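Written out below as structure tokens is the structure these notes cover.
This one's a predicted model, so the numbers in the text were calculated from it and none came from an experiment. As a basis for the values below, the full set of heavy atoms in this structure was taken, side chains included, without hydrogen atoms, waters or symmetry mates. Order of the sequence lines fixes the chain letters, A, B, ..., with proteins taken first and strands second; residue numbering starts at 1 for each chain.
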2 protein chains.
Amino acid sequence: MKSETKDPKPYHHGNLKQALLDAARRLLETEGHSNLSLRKCAEAVGVSATAPQNHFANKAALLTALATQGYGELHAYMGRGVSDAADRAARRQAALLGYVAFAQDNPALYELMFSRDRVSASDPDLLRNVGACFVILADISKEFGRFEGEGAKVDAKQQMFVWSLVHGYAQLLTANRFKKEDMQGVSILDVIPDLHS
Amino acid sequence: MKSETKDPKPYHHGNLKQALLDAARRLLETEGHSNLSLRKCAEAVGVSATAPQNHFANKAALLTALATQGYGELHAYMGRGVSDAADRAARRQAALLGYVAFAQDNPALYELMFSRDRVSASDPDLLRNVGACFVILADISKEFGRFEGEGAKVDAKQQMFVWSLVHGYAQLLTANRFKKEDMQGVSILDVIPDLHS
DNA sequence: ACTTCATGTGTGCAGCGTAAACATTTTCTT
DNA sequence: AAGAAAATGTTTACGCTGCACACATGAAGT
């Protein structure tokens with residue numbers, strides 16, 4: 001019984017990496033992005049100020065991990081409560097509502113996920129999770145509206161249309177750019193025009 | 001001739017405020033948002049590190065002024081090359097193309113304009129310029145697609161649809177979230193589905 | 001047992017925003 | 001014209017930040 005795998009707490013702290021991510025995530029939403037610092041994360045977890053360096057090469061690496069985690073959860077939100085047998089219209093509805101719900105539940109993280117110079121956009125893990133989200137978006141975009149051109153181009157336009165619409169809606173919503181009175185009883189589904197005659 | 005208004009250079013520097021904004025804007029696009037500092041702006045202009053404090057209460061105030069300026073230019077981009085006599089379809093086309101062009105020309109500034117905690121969203125000047133942009137968006141949103149509900153609600157949904165779509169498209173485009181091959185010869189106008197039967 | 005490596009601490013440094021005291025120049029008031 | 005007041009700029013200082021570096025410690029492998 002020399003290498004049992006029952007207790008995965010390897011040593012000093014436990015698993016500091018995930019603890020730092022959790023603390024960073026909480027600080028991000030509570031204090032705002034510009035008040036998030038590695039030192040505050042370290043202090044929240046109870047380690048020295050330089051301990052995070054053992055798990056993240058720099059601050060950008062931590063933010064990238066945070067964004068990667070965010071895309072994973074966004075994917076989960078979009079797939080929530082959808083049975084495999086559901087038709088595309090049902091999946092589409094659930095995915096759109098889930099997408100917006102994630103942004104509303106994690107506005108600061110959502111903004112970070114689309115920031116241009118705070119996360120390293122070429123990170124493989126990040127790209128993988130982004131790709132997983134895009135698979136769902138591509139699926140629900142099929143048979144959506146009428147676009148001109150040949151087949152592949154039509155698919156691309158449909159996907160760009162759906163992603164642009166839901167992303168823009170989510171961002172403008174969480175950035176409070178919509179008038180409150182316009183939002184009464186309105187969801188992302190109401191903002192999609194009737195596409196067929 | 002004691003108070004002639006011919007030379008508006010008041011004294012020491014000239015007009016440091018605008019010079020700082022110009023420097024900040026250049027640094028923002030070249031160095032990226034996370035490498036923009038007041039001290040670098042001051043150095044670029046050739047004044048001491050604390051001189052900006054006389055013109056901007058804090059860094060957020062400078063970024064807010066930058067965003068305000070951005071919305072002014074976005075408004076100008078949307079109105080470019082449009083005669084007053086043009087019909088709504090022509091204005092819509094020009095405004096959408098102008099909107100996206102501004103985002104492409106000023107990606108870092110565009111991101112700043114929609115950031116949640118770096119600009120003070122309640123600034124009156126900012127709100128005024130945001131409102132001016134929204135007036136154009138509301139105008140081009142009329143008679144767009146088919147939405148259910150009574151009159152005012154339909155207008156609101158149309159506006160939210162158009163702004164969500166063009167903002168999402170602009171942001172995803174500048175964040176390189178679209179596949180390059182999908183973008184070949186595609187503009188914002190191609191991503192809007194045929195809304196009528 | 002000894003080495004090796006992963007992980008955590010302590011120290012130090014340059015850059016940052018910004019507060020405070022002071023200097024200088026313009027503008028206002030008389 | 002003269003002095004007061006305001007606007008603008010500099011210097012200094014302080015605490016916070018990311019991070020490089022040397023070192024300590026505990027776990028794992030041989």
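In this structure, A:Phe102 and A:Leu109 approach most closely via the heavy-atom pair CZ-CD2, 4.0 Å. Shortest non-hydrogen contact noted between A:Val154 and A:Glu148 is CG2-O, 3.9 Å.
Taking atom CG of residue A:Asn15 and atom C1' of nucleotide C:dG8, one finds them 15 Å apart after rounding to whole Å. Regarding B:Phe56, its CZ atom lies at a distance of 19 Å from the C1' atom of C:dA19, rounded to whole Å. Whole-Å rounding puts the A:Leu16 CG to D:dT25 P distance at 19 Å. Distance, B:Glu43 CD to C:dA14 P: 16 Å, rounded to whole Å.
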Sequence-aligned protein contact record of nucleotides 10-20 of chain D, with B where the base is within under 4.0 Å of a protein heavy atom and S where only the sugar-phosphate is: BBB----BBBB
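Under the 3.5 Å distance criterion, with hydrogens and angles disregarded, a donor-acceptor pair is assigned to the side chains of A:Ser34 and B:Asp117.
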Identify each donor-acceptor pair in which a side-chain atom of residues 131-142 of chain A lies under 3.5 Å from a protein atom, sequence neighbours left out, and give them as a table.
| from | atom 1 | to | atom 2 | distance (Å) |
| --- | --- | --- | --- | --- |
| A:Asp139 | OD1 | A:Arg88 | NH1 | 2.9 |
| A:Asp139 | OD1 | A:Arg91 | NH2 | 3.2 |
| A:Asp139 | OD2 | A:Arg91 | NE | 3.0 |
| A:Asp139 | OD2 | A:Arg91 | NH2 | 3.2 |
| A:Ser141 | OG | A:Leu137 | O | 2.4 |

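An OP1 or OP2 oxygen of C:dG8 is reached within less than 4.0 angstrom by a side-chain nitrogen or oxygen of A:His55.
Applying the side-chain hydrogen bond (donor to acceptor under 3.5 Å, both in side chains) test to residues at least two apart or on different chains, the pairs with a partner in residues 151-172 of chain A are A:Tyr99-A:Trp163, A:Tyr110-A:His167. Under the salt bridge (charged side-chain N to carboxylate O under 4.0 Å, His left out) criterion, the residue pairs touching residues 162-191 of chain B are B:Lys179-B:Asp182, with sequence neighbours excluded.
With sequence neighbours left out, B:Leu189 forms a side chain to side chain contact (heavy atoms under 4.5 Å, CB included) with B:Gln93, B:Leu96, B:Leu97, B:Ser187.
A distance of 8.0 Å separates CZ in B:Arg118 from CG in B:Leu63, rounded to the nearest 0.5 Å.
Within residues 112-121 of chain A, no residue has a heavy atom under 4.0 Å from DNA chain D.
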